[in-house]
Amino acid sequence: MINYGDWNPGIDNGNDTLNSVLDTLPGSDSVNISWKVKIIENPRSPLSLPGSICLESHDCIHVLLGRGLLNQDEAFVIGYTMGNAITLKNWQISMYKYYASHIFPKIYRFGERELIAFDMGIVYGKTRRTKNIHKINFDSYKNQTLGEIRAKFDINLDILRHIRYIERNIFKSKASKRL
């Protein structure tokens, strides 16, 4: 079984099905996620922010964006999901960044690198034609190829490659090195 921190779906997998890549994801238990995170990221929370999404759908977005499970990856995926929500306001971005960098438990807390990756995700999410990806039920897509799903949701691999290039060149981190 692959280590949680080593898992990385990559983006050169357009012929693989969503389900086949999800099957490689190390198990995680939402029970282990701190309430301090769930309170603003769980869509069932009355304090959730735009783009909040269930854990299973969040994992699908990790796969579609080709991002692993390290904090820098999480920051980009969350930024993308929030930025893609049409109701997102600038004050909510600021609130999330403060919360993620000061209130989250240390294991989940965002530092400067994660905040930059988050901002990059926000911009990428805002620029996509398909909006509100956090509301998509991915069950009907699990047997489709990643190439088909990415095309449907306007996930552009050239732009993702460019973002990866930037991250590799500005950050010296495990997440950046494997992008």
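Atom set for the values below is all heavy atoms of this structure, side chains included, hydrogens, waters and symmetry mates excluded. Note that the coordinates shown come from a computational prediction; the quantities given were computed from them, not determined experimentally.
More than 12 heavy atoms of other shown residues, nucleotides or ligands fall within 6.0 angstrom of atom CG in Asn169. In Lys142, the NZ atom is crowded: over 12 heavy atoms of neighbouring residues, nucleotides or ligands sit closer than 6.0 Å. Around CD of Glu56, the count of heavy atoms belonging to other residues, nucleotides or ligands within 6.0 Å does not exceed 12. Annotation for Ile107: atom CD1 does not count as buried by contact number, only 12 or fewer foreign heavy atoms lying within 6.0 Å.
Side-chain N or O atoms of Asp73 include one that pairs as donor or acceptor with a backbone N or O of Leu70 at under 3.5 Å. Not a single donor-acceptor pair under 3.5 Å links the side chain of Ser45 to the backbone N or O of Asn42. Listed for the Asn84 side chain is a donor-acceptor partner under 3.5 Å among the backbone atoms of Thr130. Without hydrogens or angle criteria, Asn156 side chain to Ile159 main chain gives a donor-acceptor distance under 3.5 Å. At distances below 3.5 Å, not a single donor-acceptor pair connects side-chain atoms of Arg67 with backbone N or O atoms of His62.
Residues Ile103 and Lys36 approach most closely at O-CD, 3.5 Å, considering heavy atoms. When all heavy atoms of Leu64 and Arg150 are compared, the pair lying nearest together is O-NE, 2.8 Å. The two residues Leu69 and Glu74 have their closest heavy-atom pair at O-CG, 4.0 Å. Taking every heavy atom of both residues into account, Gly51 and Thr81 meet most closely at O-CG2, 3.0 Å. Between Asn137 and Ser140, the shortest heavy-atom distance links the atoms O-OG, 3.7 Å. Here the shortest heavy-atom pairing between Ile40 and Ser52 reads O-CB, 4.2 Å.
With sequence neighbours excluded, no residue forms a ring pair (Phe, Tyr, Trp, His ring centres under 6.0 Å) with His134.
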Query raised in the report: Going through the distances and angles, do Asp154 and Lys131 end up as a salt bridge (Lys or Arg N to Asp or Glu O under 4.0 Å)?
Result: CA-CA 9 Å; Asp154 189 32; Lys131 299 296 183 192; over 6 Å; no
Report task. Take Ile39 and Tyr99, measure what side chain to side chain contact (heavy atoms under 4.5 Å, CB included) needs, and give me the verdict at the end. Result -> CA-CA 11 Å; Ile39 200 162; Tyr99 199 85; 3.3 Å; yes
Requested in this report: Could you please spell out the steps behind the side chain to side chain contact (heavy atoms under 4.5 Å, CB included) verdict for Phe153 and Ile61?
Outcome: CA-CA 11 Å; Phe153 296 124; Ile61 293 175; over 6 Å; no
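Screening residues 114-126 for side chain to side chain donor-acceptor pair (under 3.5 Å) gives Lys97-Asp119 as the qualifying pairs, with residues at least two apart or on separate chains.
Tested against Ser20 for a side chain to side chain donor-acceptor pair (under 3.5 Å), the candidates Asp23, Thr24, Thr17 yield a single pass: Thr17. Tested against Leu160, the residues Phe76, Tyr165, Tyr80 include a single side-chain contact (heavy atoms from CB on, under 4.5 Å) partner, Phe76.
In the model, Glu148 has no side-chain atom that pairs as donor or acceptor with a side-chain atom of Tyr141 under 3.5 Å.
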